[in-house]
Amino acid sequence: MQDKKKTRVGVLGAGAWGTAVAIALAHRHDVMLWGRNTAAMQEMAAARDNLAYLPGHPFPPGLTVSADFDTAVAHAGDDGLLIAASPVAGLRPLLQQLKGRAIPNIVWLCKGFEYETGLLPHQIVQEILGDAVPGGALSGPSFAQEVARGLPCALAIASSSENLRNKVVSIVHGGNLRVYSTPDLVGVEVGGAVKNVLAIATGVADGLGLGLNARAALITRGLAEITRLGLALGGQAETFMGLTGMGDLILTCTGDLSRNRKVGLGLAQGKSLETVVSELGHVAEGVPCAKAVRDLAARRGVDMPITNAVAGVLFDGDQPQALVARLLARDPRDETGVK
Ligand SMILES: NC(=O)c1ccc[n+]([C@@H]2O[C@H](COP(=O)([O-])OP(=O)(O)OC[C@H]3O[C@@H](n4cnc5c(N)ncnc54)[C@H](O)[C@@H]3O)[C@@H](O)[C@H]2O)c1
Ligand SMILES: O=P(O)(O)OC[C@H](O)CO
C-alpha cells in the first residue's frame with residue numbers, strides 16, 4: 001500500500017533529469033538536490049531555478065540545493081531515499097564517493113552502457129558497492145521538461161530487492177507519477193540504454209525526410225534488437241514490451257524533446273558529431289552507448305544491424321544517407337527470427 005509519509009530524499013546530480021525528479025518529489029517530500037559545480041549550485045539556490053539545465057521550472061518550497069556532497073548524502077539519513085542522477089559516465093565516480101558510507105539505498109536514473117567497460121549501471125553498482133546497499137534502476141518514458149511541469153508520467157523501478165521496490169513505489173508513486181515495479185533489472189536497463197541509439201537512427205531518417213513508414217520500421221526492428229540483446233543478457237521478454245522497452249523507445253524515437261533524436265536530426269543536416277553534441281549542451285547517451293552496444297553484441301553474437309549502422313555514422317565516418325541504405329541492402333529474413 002502507498003505510504004503518504006513525507007520522506008527525506010537526496011538527489012545526487014543536478015542536470016535536467018535530476019532537477020526534474022527533485023522538483024516532482026519536492027511537492028510531496030523533503031528533497032535536497034546536489035550538483036558538482038559549486039558556482040552553478042549557488043546560482044541555482046539564488047534563482048530557485050536550474051537556469052543551465054532545466055530553465056523555466058521554479059523550485060517548490062520542499063526543494064533545497066547544496067554543493068556539499070556530505071550534506072546531501074546525510075540528508076537521506078538512514079531511512080530516506082538516495083538517488084544517483086548522473087549520466088552513465090558519472091555513475092562510477094559518484095559511487096566511489098559513496099563507497100564506505102552508511103547509506104540507506106541507491107536508486108539510479110541513468111540509461112546506457114558504460115563506454116569503456118560495456119557494463120550496465122547495475123553491474124557498476126555491484127562492482128563498487130557490492131550487495132551491501134539495496135539498489136535499483138528507475139526508468140521509463142520520461143522527458144524532464146514534462147515531469148518538471150507535473151504532467152502525467154509512468155515509470156518502473158527495477159530491483160532484486162522487493163523491499164527497495166516497495167519503498168521506491170511508496171515514495172515516488174503519487175500525484176501525476178505512476179511507478180510500476182519489476183525484478184528484471186537487466187531487461188529494464190537494456191531497454192533504457194539501446195532506445196537511445198535507436199532514437200539517433202530515427203532522427204537521421206526523419207531528418208533526411210525518409211518518411212513515417214521508415215520511422216515505424218526503424219522503431220519496430222529496433223525493438224527486435226533490444227529484445228535480442230536483452231534476452232541474451234538475461235532479461236525477460238515481457239519487459240521489452242513494457243514502459244522501459246517499447247514505451248521509452250516510442251517516446252525517444254518520436255518526441256522532439258529527445259536529445260538523442262536531436263543528434264540524429266543534426267547529423268542528417270550534415271553537421272559533425274562534435275558540433276551536434278556541443279550545440280545540444282546535454283548528454284546524449286546514445287552516442288557512447290552505440291559503441292558499447294556494438295562491441296558487446298559482437299562479443300555475444302547478437303545481430304544488431306541498426307545499432308551497427310548508427311555506430312558506423314558516429315564513429316567510422318559513414319554518411320547519414322548510408323545508414324538506411326545499409327539496412328535496406330540486407331538480405332531478406334523471417335520477421336520473428338531471433339538470432
Ligand atoms: N533528461 C531527461 O529527460 C532524462 C529522462 C530520463 C532519464 N535520463 C537519463 O538521466 C541521465 C542524466 O541525464 P540528464 O538529462 O540529467 O543530463 P544533462 O546533460 O541534463 O545533465 C548532466 C549532469 O551530469 C553532470 N555530468 C556530466 N558528465 C558527467 C560526468 N562524466 N561525471 C559526473 N557528472 C557529469 C553535468 O554536470 C550535469 O549536471 C542520463 O543517463 C539520461 O539518459 C534523462
Ligand atoms: O532526451 P533523451 O533522448 O536523452 O531521452 C530522455 C529520456 O530518456 C526519455 O525517456
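As the structure is a computational prediction, the values presented were derived from the model and not from experiment. Just so you know, ligand 1 is whichever comes first in the structure, and atom 1 is the first atom listed for that ligand. For reference, positions follow the sequence shown, starting with 1.
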### Query
What class does the angle between the rings of F315 and Y115 fall in, given that below 30° is parallel, 30 to 60° is tilted and above 60° is perpendicular?
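F315 and Y115: tilted rings.
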Return the residue, atom name and 0.1 Å-rounded distance of the protein heavy atom closest to [atom].
{"atom": "atom 32 (N) of ligand 1", "answer": "G90 CA, 3.2 Å"}
{"atom": "atom 5 (C) of ligand 1", "answer": "S142 O, 2.9 Å"}
{"atom": "atom 9 (C) of ligand 2", "answer": "D248 OD1, 3.4 Å"}
{"atom": "atom 17 (O) of ligand 1", "answer": "V283 CG1, 3.3 Å"}
{"atom": "atom 42 (C) of ligand 1", "answer": "R259 NH2, 4.0 Å"}
{"atom": "atom 36 (C) of ligand 1", "answer": "Y53 OH, 3.6 Å"}
{"atom": "atom 10 (O) of ligand 1", "answer": "W17 CD1, 3.5 Å"}
{"atom": "atom 26 (N) of ligand 1", "answer": "R36 NH2, 3.2 Å"}
{"atom": "atom 41 (O) of ligand 1", "answer": "E285 OE2, 2.6 Å"}

Could you tell me which atoms of ligand 2, counted from 1 in the order shown, lie closer than 4.0 angstrom to a heavy atom of [X]?
{"X": "K111", "value": "7 (C), 8 (O), 9 (C), 10 (O)"}
{"X": "N260", "value": "2 (P), 3 (O), 4 (O)"}
{"X": "G140", "value": "10 (O)"}
{"X": "P141", "value": "10 (O)"}
{"X": "L251", "value": "9 (C), 10 (O)"}

### Message
Rounded to the nearest 0.5 Å, what separates atom SG in C110 from atom CH2 in W17?
### Response
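With rounding to 0.5 Å, SG (C110) is 13.0 Å from CH2 (W17).
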Quick one: do [X] and [Y] end up in the same hydrophobic cluster if we chain Ile, Leu, Val, Met, Phe, Trp and Tyr together by side-chain heavy atoms under 4.5 Å apart?
{"X": "I124", "Y": "V186", "value": "no"}
{"X": "L251", "Y": "L155", "value": "no"}
{"X": "L233", "Y": "F240", "value": "yes"}
{"X": "V88", "Y": "V197", "value": "no"}
{"X": "L243", "Y": "L198", "value": "no"}

Taking all atoms of both residues into account, what is the closest heavy-atom pair of [X] and [Y], and its distance?
{"X": "L129", "Y": "K99", "result": "CD2-CA, 3.9 Å"}
{"X": "E189", "Y": "P121", "result": "OE2-CB, 3.4 Å"}
{"X": "H173", "Y": "V179", "result": "ND1-N, 2.9 Å"}
{"X": "L119", "Y": "E127", "result": "CD1-OE1, 3.2 Å"}
{"X": "P58", "Y": "D49", "result": "N-OD2, 4.1 Å"}
{"X": "N50", "Y": "A14", "result": "ND2-O, 2.9 Å"}

### Task
May I ask you to check whether D248 and T252 show a side-chain donor-acceptor distance below 3.5 Å?
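The criterion, which ignores hydrogens and geometry beyond distance, is satisfied for T252 and D248.
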Ligand-residue contact atoms, ligand 1 with [X], heavy atoms, under 4.0 Å:
{"X": "F143", "value": "3 (O)"}
{"X": "A14", "value": "39 (O)"}
{"X": "L109", "value": "7 (C), 9 (C), 10 (O)"}
{"X": "S86", "value": "11 (C), 12 (C)"}
{"X": "H282", "value": "18 (P), 19 (O), 20 (O)"}
{"X": "A144", "value": "1 (N), 2 (C), 3 (O)"}

#### Entry: Under 3.5 Å: N/O of P87 near N/O of ligand 1
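P87 vs ligand 1: no N/O contact under 3.5 Å.
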### Query
Any N or O of K111 that comes nearer than 3.5 Å to an N or O of ligand 1?
yes
### Task
Would you please determine whether A199 falls within less than 4.0 Å of ligand 2 on a heavy-atom basis?
no
### Query
Any heavy atom of E285 sitting closer than 4.0 Å to ligand 2?
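Not so, E285 does not reach ligand 2.
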### Query
What do the steps show when you test T239 against D184 for side-chain hydrogen bond (donor to acceptor under 3.5 Å, both in side chains), and what is the final call?
CA-CA 7 Å; T239 304; D184 186 10; 2.5 Å; yes
Applying a 4.0 Å heavy-atom criterion (strictly less than), which segment of [X] is in contact with ligand 2: side chain, backbone, both, or neither?
{"X": "S258", "value": "both"}
{"X": "K195", "value": "side chain"}
{"X": "V283", "value": "neither"}

### Task
Say whether R261, considering both its backbone and side-chain N or O atoms, lies within less than 3.5 Å of an N or O atom on ligand 2.
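Looking only at distances, the answer is no, because the N/O contact criterion of under 3.5 Å is not met.
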### Task
Could you tell me whether some N/O pair between T252 and ligand 2 is separated by less than 3.5 angstrom?
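In this structure, T252 places no N or O atom under 3.5 Å from an N or O of ligand 2.
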### Heavy-atom nearest option to atom 12 (C) of ligand 1, drawn from G15, A85, G35
A85
### Task
Let me see the working for D295 and R299 under salt bridge (Lys or Arg N to Asp or Glu O under 4.0 Å), right down to the final yes or no.
CA-CA 6 Å; D295 295 351; R299 286 200 302 278; 5.3 Å; no
### Message
Can you confirm whether I200 sits close enough to L314 that some side-chain heavy atom of one is under 4.5 Å from a side-chain heavy atom of the other?
### Response
yes
